[in-house]
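Excluded from the calculations below are hydrogen atoms, water molecules and symmetry mates; all remaining heavy atoms, backbone and side chain alike, are included.
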Amino acid sequence: MAIPGLYRFVQELIKDQVANMYLWPKALEVPIMDPTMAMRKPVGVLHVKVIKAIKLRKKDLLGAADPYVKLKLTEDKLPSKKTAVKHNNLNPEWNQEFNWVVRDPGTQALEVIVYDWEKIGKHDKMGMNVIPLKDLTPDEPKVVTVDILKNMDPNDAQNEKLRGQIVVELIYKPFKEDEMPKDDEDPNAIQKAPEGTPAGGGVLVVLVHEAEDVEGKHHNNPQVRILFRGEERRTKVVKKNRDPRWDEEFQFMLDEPPKSDRLHVEVVSMSSRMGLLHPKETLGYVDINLADVVSNRRINEKYHLIDSKNGRLQIELQWRTS
């Protein structure tokens, strides 16, 4: 401790680690929402481009980070959206684009959280910030640079520490009069099956969104394999990613509702090297009973993968009829 500056460094490091183990009592005011407000119809679309991060601060101060960004629109029930992971980089550039349906630009905000990807265990949260949509001028792109904070508590002294910045471009585009949903339209309604669908039948739609914490022993290039009634469909391969996102859609036209069928969905990793001893690995699977899909018309679930330690897979299933 006699070395100049070492004592202060060690004290700060200990304080950071110990503070994260405590849950401090806080008061949180939750306003009661008017039921009519909860049923608001879409009024526009938010386009977000995650450009880059600047001078990220790694939690343990040793080595570089493997950052990625998780995005969510407040008051939106859909799963968060994620960028790719940029390995060993404290100044990553993504230039990835995402879209959200907006229901109330006056109260909704974009929540931006930066994580440090970890191969084993929970990913470390590096910081966050919130961008209110009311600060945007409709139809005008705005590049915003915000500080990365520990949390959104203005009284937390931890927010005074430099954690880096995140740069995003946002455009809010309100619907025009002829694009607005009508009063009798349900924005969440299931689309009808296309013309030519057999009478009494329909279309089974499988939307593969994303996976979390899928990990192979020898390589990690995940791909989703779908098996249904002898047919096989595959998503694209996402290289070197434990939290891949696909957002791919597959359709099966059927003569009758698949009430007694099961859908087999498997996450596999394909080696990118020729001649490897383990060219293919299974990262987990799930068998989905389709009777509930037929009765409910739509199911959007995050399934825990069988034969996987912590892996989860987000899949949306729809049964469309004419």
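The side chain to side chain donor-acceptor pair (under 3.5 Å) with Glu212 is formed by just one residue from the set Arg312, His123, Arg242; it is Arg312. Just one residue in the list Val114, Ile113, Ile148, Ile166 forms a side-chain contact (heavy atoms from CB on, under 4.5 Å) with Met128, and that residue is Ile113.
The number of heavy atoms from other shown groups lying within 6.0 Å of CG (Asn95) is above 12.
A salt bridge does not link Glu169 to Lys142: none of the charged side-chain nitrogens sits closer than 4.0 Å to a carboxylate oxygen. Remark: Lys86 does not engage Asp66 in a salt bridge, criterion side-chain N to carboxylate O under 4.0 Å. A salt bridge does not link Glu93 with Lys52: none of the charged nitrogens is closer than 4.0 Å to a carboxylate oxygen. Using a 4.0 Å cut-off between charged nitrogen and carboxylate oxygen, Arg233 and Glu231 count as a salt-bridge pair. For Glu316 and Arg298, the salt-bridge test passes: some basic side-chain N is under 4.0 Å from an acidic carboxylate O. Here Arg245 pairs with Asp247 in a salt bridge; the nearest charged N to carboxylate O distance falls below 4.0 Å.
Neither side chain, Ser269 nor Gln223, offers a donor N or O lying under 3.5 Å from an acceptor on the other.
Closest approach of Gln108 to Thr74, counting heavy atoms only: NE2-O, 2.8 Å.
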**Item:** His47/Trp100 under ring pair (Phe, Tyr, Trp, His ring centres under 6.0 Å): CA gap, chis, key distance, verdict
**Value:** CA-CA 7 Å; His47 301 277; Trp100 282 270; 9.9 Å; no
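Counting only heavy atoms from C-beta outward, the side chains of Leu56 and Pro92 approach each other to under 4.5 Å. By the 4.5 Å heavy-atom criterion applied to side chains, Gln165 and Val146 are not counted as neighbours. Using a 4.5 Å cut-off on side-chain heavy atoms (C-beta onward), Gln318 and Leu207 make contact.
Taking the six-membered ring for Trp and the full ring otherwise, the centers of His264 and Phe228 sit at least 6.0 Å from each other.
Atom-to-atom distance recorded for Leu283:CG and Leu305:CG is 8.5 Å, nearest 0.5 angstrom. Here Tyr172 contributes atom OH and Leu136 contributes atom CG; the two are 9.5 Å apart, rounded to the nearest 0.5 Å.
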